[in-house]
J.: 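This structure is in structure tokens; I'll ask about it shortly.
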Amino acid sequence: MLGYFLRRRLTFIIALVAALGWVFAQTNISPTLANNRAAVIHQAVLTIDSHIDWPIRQSVNPEFDPGMGHETGAPGSGQWDLVRMAAGGLDGAFISIFTPQRALTDEGYAQAATLAHQMIDWTEQLTVDYPDRVAIALTPEDAYGLEHQGKRAIFLGMENGYPLGTDIQAVQTFYNRGVRYITLTHSKNNQLGDSSTDDQQLWQGLSPFGETVIHEMNRLGMMVDISHVHDDTFWHVIGLTKAPVIASHSSARALRDVPRNMDDTMLRAIQENGGVVQLCLLGDYIKEIDQDPRREAALAALSEQQAAWLRGDLSEAEVAELLNQYRAINAQYPEIKPTLADAIDHLDHMVAVMGIDHVGIGSDFDGGGGLVNIEDVSQMPNITQELLDRGYTPDEIRKIWGGNLMRVFNQVIDVAKQLQAEAES
Ligand SMILES: [Zn+2]
């Protein structure tokens, strides 16, 4: 009988050989890359990005066709489409059903729920339009199966629990539509709990309704995502959840002290909980860099308009105008961004604190992510190259690229089965 490690190694070699054939068969990857060790590893492992904000981009740019390729960095190209996903060897992504937050009222909840359902519709439509290239995945097994078919896997993650309103049934409703994680809050406190970036706290952690949402997510087998939540909310969740949790896009506070990142005590708590922290590639969370003061001033001048947009007080034309102004500022005074290597420093730190089994990648593309040398999904192989250069082994790279996240997802599903069995007995 083969030992576990030997079996795993054999599986890996078989996957490598299969990947080699695949690399040569693809026209969009050059033959020189096929001889490159990083490219071979990148093709062999399941690669999952746990946070891509395409739907909110789509809501302001309905003409965008994710089935078409777009040039990296070109105006309106965004950072994700199916062509670049394939070119970048990205097998799967959690597409973010993100809704901007307005008042905590039934009307506000209902509007957000409508938008969330629309975003799920758009994502489903994509799989109808391009059935040979992409499909919705509901389980890790689905993702591995789609990888073997050479199709992209799309998971749904909900960012901001705001559309749930105050009806616990809504969790099941969105689960039934395919949502497999919920980021409890976004940048403001909501009806579930406190956010890491609001002016003051509302609940001192989770709200009573937020507590019932955690129980319901555990029962259904949805991953609880603690990115964006206040530290008090984080600890409240850790004390309450029966399943491992994820941070779908967060980095290390030890290297960049912002509330959106996680300090070492929180990282160790995630390790103990069995969960995973997915490195976020958003410049401000990675490294503090002095920007051109003229850029800062121009952006500050738009802050009121931006707040009005988030409150829902701008017309479509005003939103379009605001976005044009952002584009103009970015063109005139481009943001000075940290590099991919700066981000991988965070990953190194997280591995040093938590070990290799609790880290992954959540780019936040189309939601603020993007650094020098990792500007969109087509450049994902650069991550593998950087990891290899730093001495990570192929098996460690496999864990970082999705192995860990899929393990956690399977554990969350197992906990749900246990809880449902207990409830029936
Ligand atoms: Zn976010």
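Residues take their numbers from the sequence shown, with the count starting at 1. Read the numbers this way: they start at 1 and go in the same order the structure lists the ligands and their atoms.
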J.: Do any N/O/S atoms of Glu159 come under 2.8 Å of the Zn ion (ligand 1)?
T.: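 Within the cut-off used here (under 2.8 Å), Glu159 does place an N, O or S atom near the Zn ion (ligand 1).
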
J.: Using 2.8 Å as a strict upper limit, say whether an N, O or S atom of His186 approaches the Zn ion (ligand 1) that closely.
T.: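 No, outside the cut-off.
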
J.: If I take every N, O or S atom of His249, is at least one of them less than 2.8 Å from the Zn ion (ligand 1)?
T.: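 His249 does place an N, O or S atom closer than 2.8 Å to the Zn ion (ligand 1).
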
J.: Taking the six-membered ring for Trp, are His117 and Phe174 closer than 6.0 Å centroid to centroid?
T.: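 Yes, ring centres under 6.0 Å apart.
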
J.: Checking side-chain polar atoms at under 3.5 Å, does Asp198 have a donor or acceptor matched by the opposite partner on Ser187?
T.: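 There is no such pair between these side chains.
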
J.: Which single N/O/S atom of His228 lies at minimum distance from the Zn ion (ligand 1)?
T.: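 Result: NE2.
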
J.: Do the side chain of Asn410 and the main chain of Arg407 share a donor and acceptor less than 3.5 angstrom apart?
T.: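 Here the side-chain-to-backbone pair does not exist.
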
J.: For the residue pair Thr99 / Asn160, report whether a side-chain donor-acceptor contact shorter than 3.5 Å exists.
T.: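 Asn160 vs Thr99: no donor-acceptor pair found between side chains.
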
